[in-house]
Amino acid sequence: LATGPRQNNSIFYEIRTYDIKPSKMKDFVEMVNRYFHLRTAHSELVGFWSAELGAMNKVVHIWKYDNFAHRTAVRHALANDKDWQGKFISPALPLIEKQHNEVAYLVPWCQLGKPPKEGGVYEWVTFQMKPGGPALWGEAFQAAINAHINTGYTKLIGVFHTEYGLLNTVHVIWWNESPDHRAAGRHSAHEDARVVAAVRDSVRFLESQKNVLLIPLQCSPLK
């Protein structure tokens, strides 16, 4: 059941979040770097990150699918891929404490972006909006995002709206050159009257917000 406007095609994104046992985070990352090519042979990986600030021992990865039949076919192929199951899944599962997935669409006014260069950091911002979907809060939310873009200190990578999982959730991914660059930009934005006005209008529809600073893994297409 759709909760609001989305792009005019069947493409969707699966957001997978894993909590890793604290003592096993290094082992898990090493396994990903060594064997994840077996997984990306089956479908497109958008990005894979580990949390640096705002969460600990957590990884987030995003997969792109043409439609739900495509995802079903990929999952079936993975279940029958002996290399993937034997070299990664079997040894990796004992390292994972919890798994969570969501299905999300890009909002219709956003294209998936890329950073201008490699070597930066990603900020993952999760907004829990009031029930009603983009028909209620979409315009105000878009204005707040655009106000931050217009400051020029940060690069928008994508805005995703959930379809499965906790509804009325919006994930926004930003790219910055460094945590210090992001901090300086945020300081300037807080003093920008245009940003303050746009944010003040959008928070009328906001229930909660969480920010996590992410570092891309070696296998991540978004670096």
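Given the structure is predicted, the values throughout are model-derived calculations rather than measurements. Throughout, numbering of the chain's residues begins at 1 and tracks the sequence.
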When rounded to the nearest 0.5 angstrom, what distance separates CE in Met25 from CG in Asn57?
-> 6.0 Å
Between CD on residue Glu177 and OH on residue Tyr153, distance to nearest 0.5 Å | 13.0 Å
Please report the shortest heavy-atom distance between Asp201 and Ala140, naming the atom on each side.
-> OD2-CB, 3.6 Å
Trp84 vs Phe36, ring pair (Phe, Tyr, Trp, His ring centres under 6.0 Å): CA-CA, chis, key distance, verdict | CA-CA 8 Å; Trp84 172 245; Phe36 224 62; 5.7 Å; yes
Can you check whether [Y]'s main-chain N or O pairs, donor with acceptor, with [X]'s side chain at less than 3.5 Å?
X: Lys114; Y: Leu222; answer: no
X: Ser202; Y: Val199; answer: yes
X: Tyr13; Y: Glu102; answer: no
X: Asp66; Y: Ile11; answer: no
X: Glu191; Y: Arg186; answer: no
X: Thr72; Y: Phe68; answer: yes
X: Gln85; Y: Leu78; answer: yes

Measuring only between side-chain heavy atoms, which start at C-beta, is [X] closer than 4.5 Å to [Y]?
X: Met129; Y: Phe141; answer: yes
X: Leu106; Y: Phe160; answer: yes
X: Trp124; Y: Asn211; answer: no
X: Arg182; Y: Val121; answer: no
X: Cys219; Y: Thr40; answer: no
X: Ile62; Y: Trp49; answer: yes
X: Ser188; Y: Thr151; answer: no
X: Tyr122; Y: Pro115; answer: yes

In this structure, are over 12 heavy atoms from other groups packed under 6.0 Å from Glu30 atom CD?
-> yes
Does the pair His61 and Phe48 meet the rule for a ring pair (Phe, Tyr, Trp, His ring centres under 6.0 Å), with working shown?
-> CA-CA 4 Å; His61 39 125; Phe48 199 130; 4.4 Å; yes
